[in-house]
Amino acid sequence: MKCSRRRFLQVTGGGSALALLAGTGLMPRLAAAAPSPLAAGDTRKQFEAQTLDEVVKALGGTQAQASGDIDLRAPEIAENGAVVPIEIESRLAGTKLIAIVSEKNPHALSAAFHIPDGTLPYIATRVKVAETSKVTALVQTDKGFFYTDRLVKVTLGGCGG
Amino acid sequence: MADPMKIRATLNGDVVEVKVLMAHPMETGLRKGSDGKPVPAHYIETVKVACNDREVLSADWGPAVSKNPFLALRFKGGKQGDKVTITWTDSAGESRSDQATVG
């Protein structure tokens, strides 16, 4: 269990791990075959984005403002980056989209939830976080995009060191 | 065919809380299998939640959602006995739909 988790994290660590391996010349074959982890046929451009700004633009916005009216509950220290519980609640009026963004992941956007009228602006799920980084809750309202973020420390290997 | 989802839908006051666990490998395409070859990407791309015939949530997911995904949401306007239907479609074109009754 521990061993496979570690291997999983190393590999899903994605960009950096692959680049490192490619750099040492140990894995030329894999490096050549690893441009995008998205499945063939996945053409959704919001998932191609690498940064929060790009995600906002791909979702049709221009810029996201920081907001204190979004609650993002995430663990300060995640022992297992493959399962990081995330809870987002927005107090912004007219919330119509909630998205989870981790900029250090191979794809910044983890998930986007469209909230129709009548559904509370609340979502809870579990995501993978490749390495210690800020996890951002991005919210779209009628007035534009807003975000709040939290640092999630991912402890790789060891016994939760 | 994937295993059934575990869905719980409970009414608290005027809000229905839905919690669901889906059985899915959510492969990112970056992980290597025991033979050293990359495991092809295979993950849920869209999830739709409906109460009776009214859509209460639709989600676009990437490979970064955890394996065997958990999802919780809350919506208004439901009552006991309503049917909550959850449908996902994955990157391999497979889909699965399961239903629960609001209790």
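Basis for what follows: all heavy atoms, side chains included, without hydrogens, waters or symmetry-related copies. A, B, ... follow the sequence lines: proteins, then strands. Residue 1 opens every chain. Because the structure is predicted, anything quoted here is derived from the model rather than measured.
The two residues B:A64 and A:N105 make their nearest non-hydrogen contact at CB-ND2, 3.8 Å. Of all heavy-atom pairs between A:F113 and B:A59, the closest is CD2-CB, 3.4 Å. B:P63 and A:L38 get closest at one heavy-atom pair: CD-CD2, 3.7 Å. Of all the heavy atoms in B:M26 and A:K128, the pair that sits closest is O-NZ, 2.6 Å.
Rounding to the nearest 0.5 Å gives a distance of 8.0 Å between CD1 of A:I115 and CG of B:L73. With rounding to the nearest 0.5 Å, the separation of CH2 in B:W61 from CD1 in A:I100 is 9.0 Å. Atom NE2 of A:H107 is separated from atom OG1 of B:T28 by 9.0 Å, given to the nearest 0.5 angstrom. Taken to the nearest 0.5 Å, the CG atom of B:L57 stands 8.5 Å off from the CD1 atom of A:I98. Atom-to-atom distance recorded for A:H114:NE2 and B:S58:OG is 4.5 Å, nearest 0.5 angstrom.
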Q: Go through B:D60 and A:Q46 one step at a time and tell me if the side-chain contact (heavy atoms from CB on, under 4.5 Å) criterion holds.
A: CA-CA 10 Å; B:D60 299 318; A:Q46 66 268 41; 3.7 Å; yes
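Dense packing is recorded around CG of A:D142, with more than 12 heavy atoms of other residues, nucleotides or ligands lying under 6.0 Å away. Residue A:R73 places its CZ atom among more than 12 non-hydrogen atoms of other residues, nucleotides or ligands, all under 6.0 Å distant.
Between the A:R44 side chain and the B:E45 main chain, a donor and an acceptor come within less than 3.5 Å of each other.
A:R126 pairs in a side-chain contact (heavy atoms from CB on, under 4.5 Å) with only one of the listed residues (B:N68, B:V65, B:L71, B:L21), which is B:L21. Here the rule is side-chain contact (heavy atoms from CB on, under 4.5 Å) with A:T119, and of B:V56, B:V49, B:V18 only B:V56 fits it.
B:I86 and B:L11 fall within the same hydrophobic cluster, defined by Ile, Leu, Val, Met, Phe, Trp and Tyr side-chain heavy atoms under 4.5 Å apart, directly or through other members. Residues A:L72 and A:L92 are members of one and the same hydrophobic cluster, defined by side-chain heavy-atom contacts under 4.5 angstrom among Ile, Leu, Val, Met, Phe, Trp and Tyr.
Looking at B:E55, only its backbone comes within 4.5 Å of chain A, counting heavy atoms on both sides. Interface residue A:D42: backbone and side-chain heavy atoms are both found under 4.5 Å from chain B. Using a 4.5 Å cut-off between heavy atoms, A:Y122 contacts chain B through both its backbone and its side chain. Proximity to chain A is absent for every atom of B:K19, based on heavy atoms less than 4.5 angstrom apart. Neither the backbone nor the side chain of B:I44 comes within less than 4.5 Å of any heavy atom in chain A. When heavy atoms are compared at a cutoff of 4.5 Å, B:V15 approaches chain A solely by way of its side chain, counted from C-beta outward.
Taking 4.5 Å as the limit, some side-chain heavy atom of B:L30 sits within range of a side-chain heavy atom of A:P106.
Ranking A:P85, A:P121, A:P116 against chain B, the residue ahead of the rest is A:P116, based on heavy-atom pairs under 4.5 Å.
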